[in-house]
Amino acid sequence: MEGLDVQLSFASGTLLLRGVLHERLRGWFSDVVWVYDSRVAASRCDAMHYGRVCDELRGRGVVFEDVVGVPRPVYWSADSLPELRPEQAAAVKSWQESGGRGCVVMPTGTGKTEVALRIMQLTRTATLVVAPIRDLMYQWHRRILRGLHYDAGIIGDHTYRVQPVSVTTYDSACIHMAELGDRFGLIVFDECHHLPGRIRQDAARMSAAQRRLGLTATPERSDGRHSDLVELVGPTVYELSINAVRGKSLAEYEVVRIPVHLSESEQRRYDVLSEEVQSYVYAQRQENPGFTWEDLCTSSAASLEARQALKAFYAKKSIEDRAEEKLKTLEDLFRLHAGERCIVFAGSNAMARDVSLRFLIPCLLSHCGRRERLEILEGFAAGDYPVIVANQVLDEGIDVPAAKVAIVIGGLGSSRQARQRLGRVLRRNGNETAVLYEVVCAGTKDEERSRQRRRHESFRGVRRKPGRS
Amino acid sequence: MLTRDLQLCSYDFQRGLVLPDRLTQKSHAGYAELAARMLAIYEQGVGRRRCDLHRDVQRVFEQETDCPLRRIQAFCKLLDEQATYNESERRGAVELRRTVFRQAAARHPLVSHADTLFEHDVEAVRREIAAGLNRSWEDVRDGLFADVIDYHRLQSFVGYESPRSLLSRYNVAQVQAALFSAVSLTVETAADFKRILRAARLSRLMHTLSSPQPGVWRMELTGPASVLRETRRYGVLMARFLPALISCSDWSMRAVMENRGWSRSLCLELSSADGLKSHLAADELFDSSLEAEFAEKWGLGERDGWKLLREAEILHRGQKTFVPDFLLQHVSGRRVLMEIVGFWTPEYLTARLETLQIFRDVPILLAIPESTVRHFEGQPGTAMILRYKTTILVRQVLEALAGMD
């Protein structure tokens with residue numbers, strides 16, 4: 001046998017094994033992708049296979065020196081975690097029984113964070129929590145501080161403070177995992193449907209963490225990559241459907257769609273632009289039936305027509321976004337729901353600022369500092385601000401105090417966004433019924449997107465009222 | 001560097017090439033003047049808001065109907081890279097928002113026309129709040145989002161040497177942006193491999209060296225995980241490496257791009273003959289004046305049958321490479337490498353000794369200052385040591401070479 005000359009090490013998000021003939025290694029591991037790297041004269045594989053590699057080598061009686069980092073154990077001084085609801089406890093249990101690997105699928109607003117915090121408390125190992133965006137990262141930081149009394153490290157947002165328990169974003173995790181991959185024993189992927197992106201996967205691949213937890217309300221992806229989650233995180237170990245909780249932890253809700261009409265000049269300009277875009281796409285499809293928007297965006301270097309079509313498209317989109325009429329409709333809704341807590345979701349930063357300037361209400365934008373955002377959210381929770389406006393990109397998974405009324409004015413239609421958005425409004429709020437308004441421009445793409453939104457399962461079986469306007 | 005969303009290129013699927021957007025005197029003669037106008041906007045723009053500067057830059061291109069929006073945005077980015085904006089208004093804006101929104105909250109909703117149900121007319125409330133702050137509403141409105149990046153004001157502008165250098169920078173920046181999608185980069189060179197290799201190492205890429213023909217070196221640059229899967233993870237390192245490569249001479253490169261479901265794989269090809277200009281200064285030809293001095297003394301001709309060639313050999317083992325200062329080539333075919341140890345630090349010395357240890361089976365003539373020589377004595381290896389006081393004499397070297405037989 002090779003004896004102690006065999007060494008397993010962590011190198012830039014991969015494992016290097018020296019001292020075992022590569023051919024022999026290939027025979028031992030049927031599906032772990034070992035590749036011989038002549039540049040360093042060793043066999044290399046993704047760090048995520050660490051657990052299996054150790055098991056396999058030991059099982060074959062190979063004595064090896066393991067110089068991969070050992071995650072620090074974590075001793076929680078105290079905790080103030082709430083008692084779990086039965087479905088949350090069941091989720092924790094199935095994850096543990098599945099060997100500490102896998103995804104928990106629960107609708108937004110049903111307490112996925114509590115599930116993760118409990119698992120962290122029970123696992124007692126260095127943990128990295130990966131969140132989709134900075135706001136959520138800070139939110140995790142606060143929840144860990146409140147629930148586990150631990151001041152977690154922060155990796156991202158121009159901060160690099162690594163602690164045995166740290167929070168980060170997908171983008172930062174992907175960049176830094178090459179150096180940090182052997183420092184954590186548990187890795188939590190919040191909103192883990194974001195993980196299977198081509199490069200983002202590295203956040204999971206380059207980590208040697210043997211325990212993995214994925215959290216999501218919507219594991220499926222339109223590109224079909226959700227199947228990768230099984231390899232990257234583990235299988236779905238627990239699933240709670242939105243119907244099972246409606247009326248329990250989530251409130252009843254209704255969806256009201258309000259078509260608004262463009263002003264005459266907006267409509268005229270809109271029609272011209274639509275015509276321009278359509279005729280271009282039509283011409284392209286004559287030649288190439290598979291022509292898509294993606295193609296238009298990248299081909300814009302090539303032809304004048306393509307560029308003009310693209311310009312027309314953006315101009316058209318901005319008319320949809322910022323229609324004056326939408327602001328008028330907002331005023332009507334604010335009148336109707338005066339005295340009730342209400343949150344507005346805009347389609348862009350510019351539109352959110354327009355709404356903010358028109359009604360002098362706070363807006364949550366990407367440029368807001370952490371403190372300002374907190375001030376707005378707390379002011380909203382305390383009732384100091386009856387209404388706030390947020391850019392759609394910020395809404396996913398952010399702890400927004402329960403609102404009774406939500407108004408969507410623009411934003412792309414995708415089932416995931418729609419579902420996340422619903423979660424915001426539908427958070428348990430006594431016995432009151434929540435209302436979701438969708439303000440869309442009649443006869444535009446905007447209207448189609450709204451239709452797309454409601455086609456999704458979470459809108460089905462929901463009471464609907466005819467549009468008021 | 002540009003961001004990915006500002007990347008502009010066209011594809012030649014016939015030849016399988018990615019062609020980054022490039023502005024040359026030939027293809028875009030009018031651009032030198034446009035560049036001058038853009039620079040003028042920034043040079044005279046101190047105190048103006050970023051969005052206004054960008055709008056003016058956009059206006060420069062009004063007559064250029066075939067100019068893609070991304071090209072203009074890329075110019076804005078490159079101009080911004082040389083500019084400093086005042087971000088100190090941030091705190092004031094946050095505070096102003098808080099004040100205004102808190103005051104308005106009590107009067108929500110602000111309606112366009114007050115009636116018996118809702119008495120707070122938006123115009124009246126705006127005036128009232130502004131009056132309370134001793135400012136006009138227009139002033140308050142402008143300040144409310146002054147911390148938004150678009151509203152930052154230009155503080156100073158370092159600029160570019162000339163309109164031409166802005167265009168050169170643009171051309172390089174577009175190649176860099178294209179490289180973000182590269183999965184591997186192969187560089188071939190006959191002359192400048194030492195500097196290219198050093199630049200690659202500085203950019204934290206891994207290399208595989210080969211020599212397709214005598215005197216020509218080929219290095220394939222990728223990252224650690226590249227052997228496991230096709231990944232553009234290291235594309236950004238390749239992009240960072242590019243300006244250093246461009247400042248070298250006599251090279252050609254070929255980057256294989258990520259295959260995004262294209263029917264065939266695409267490449268980006270470039271060489272020193274393409275005439276891109278780097279904003280980095282070319283390194284000194286010689287590492288130290290000692291080497292330059294010695295090379296000059298030796299001259300171009302033969303001495304006792306020996307010819308002196310500068311940095312003509314690479315020793316490599318795994319990721320370790322060593323390019324000795326000189327190769328001495330004898331008419332008989334004998335080859336001896338020569339390395340000059342000049343000024344030194346303990347770290348430098350340790351690293352040098354380690355390198356020599358790795359390549360101890362290769363004949364190397366080591367020129368060491370007398371004050372340092374004790375550190376090298378007793379080291380294993382076949383290096384022939386030549387002591388010198390202040391300069392290295394040709395005669396001394398020839399004697400040492402004769403002694404190495």
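Chain identifiers are assigned alphabetically (A, B, ...) following the order of the sequence lines, protein sequences preceding nucleic acid strands; residue numbering begins at 1 within each chain.
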Contacting region of [X] [heavy-atom separation from chain A under 4.5 Å]:
X: B/Arg232; result: both
X: B/Glu258; result: side chain
X: B/Ile129; result: side chain
X: B/His207; result: backbone

Gap between atom CZ of B/Phe180 and atom CD1 of A/Ile199 - 0.5 Å precision: 12.5 Å
Nearest-0.5 Å distance, CZ of residue B/Arg204 to OG of residue A/Ser12: 8.0 Å
Select, from [options], the one with the greatest count of heavy-atom pairs under 4.5 Å involving chain B.
options: A/Val33, A/Thr14, A/Asp46, A/Leu16; answer: A/Asp46
options: A/Arg44, A/Arg335, A/Arg371; answer: A/Arg335
options: A/Tyr36, A/Phe359, A/Tyr385; answer: A/Tyr385
options: A/Gly13, A/Pro362, A/Ala41; answer: A/Pro362

Derivation of the side-chain contact (heavy atoms from CB on, under 4.5 Å) call for A/Arg205 and B/Leu228: CA-CA 11 Å; A/Arg205 287 191 181 278; B/Leu228 299 176; over 6 Å; no
Chain A contacts, top residue of B/Ala104, B/Gly223, B/Ala105, B/Ser112 (heavy-atom pairs, under 4.5 Å): B/Ser112
Contact leader toward chain A among B/Thr208, B/Val122, B/Val236, B/Leu209, where contacts are heavy-atom pairs under 4.5 Å: B/Val122
More than 12 heavy atoms of other groups within 6.0 Å of B/Gln14 CD: no
Over 12 foreign heavy atoms within 6.0 Å of CZ, A/Arg26: no
Ion pair check, A/Glu375 and B/Arg102, cut-off under 4.0 Å: yes
Side-chain heavy atoms of A/Asp202 within contact of B/Arg229, under 4.5 Å: yes
A/His337 side chain reached by B/Pro109 side chain, heavy atoms, under 4.5 Å: no
Check: A/Ser356/B/Arg97 side-chain N/O donor and acceptor closer than 3.5 Å: no
side-chain contact (heavy atoms from CB on, under 4.5 Å) assessment of B/His108 paired with A/Leu360: CA-CA 9 Å; B/His108 179 81; A/Leu360 298 184; over 6 Å; no
Shortest non-hydrogen contact from [X] to [Y]?
X: B/Phe101; Y: A/Cys363; answer: CE1-N, 4.4 Å
X: A/Arg39; Y: B/Pro224; answer: NH2-O, 3.2 Å
X: A/Ala178; Y: B/Arg233; answer: CB-NH2, 3.8 Å
X: B/Leu144; Y: A/Leu357; answer: CD2-CD2, 3.7 Å

A/Arg358 versus chain B, the contacting section by heavy-atom distance below 4.5 Å: both
